[in-house]
Amino acid sequence: MLQVAKTALEKEEAEIAAEKEAYLQEHCPPLSLPSNLSELQDFCKKMHAKIDVVDEERYDMEVKVGKSTKELEDLNQKIFDLRGKFKRPALKRVRMSADAMLRALLGSKHKVNMELRANLKQVKKEDTDKEKDLRDVGDWRKNIEEKSGMEGRKKMFESEA
């Protein structure tokens, strides 16, 4: 089986080589270089003219291909638009503060501050009666000395009554 495949490949290679030779014989005449200088210069000028023609054709083909690829891209975009499916671009992660984001959205005319603590109202703490009593009491040792003995107990009863 391998030998049959090998002979088939060799046959194909020989056919391809024969086709190549036939094409070159048909399209490329044998090269005959002139012997004197003026004929050689004329020959070079003719070759340069042929090269210019081929370059122009190549350039025209490249332009046509570029135009057709652009047209294909536009048509593909229209198809996506009509279907309602859009390619989502890969988004980059952006580190931006809330203030900068609001400035970008609202513009520089609007002044917005996202510091929540700055927006809070200041509330003064009202003194309660217990706190006043605790401040008035002062040092606990003085209190105990005043209440010790009979005079202290007498003062306690008098103040309660």
Positive for side chain to side chain contact (heavy atoms under 4.5 Å, CB included) with Q77, one of L75, D81, D74: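 Among the candidates, only D81 passes.
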Distance, nearest 0.5 Å, that separates NZ of K64 from OH of Y59: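 Result: 13.0 Å between the selected atoms.
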Value rounded to 0.5 Å, distance of CG in L40 from CE in M47: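 Spacing of CG (L40) from CE (M47) equals 11.5 Å.
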More than 12 heavy atoms of other groups within 6.0 Å of Q25 CD: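 Incorrect, the count does not exceed 12.
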Solution key, residues 3-14 side-chain donor-acceptor pairs under 3.5 Å, sequence neighbours excluded:
residue	atom	partner	partner atom	Å
T7	OG1	Q3	O	3.2
T7	OG1	V4	O	2.7

Any residue meeting salt bridge (charged side-chain N to carboxylate O under 4.0 Å, His left out) with D55, in chain and number order, not counting sequence neighbours: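 For D55, the residues satisfying salt bridge (charged side-chain N to carboxylate O under 4.0 Å, His left out) (neighbours in sequence not counted) are R58.
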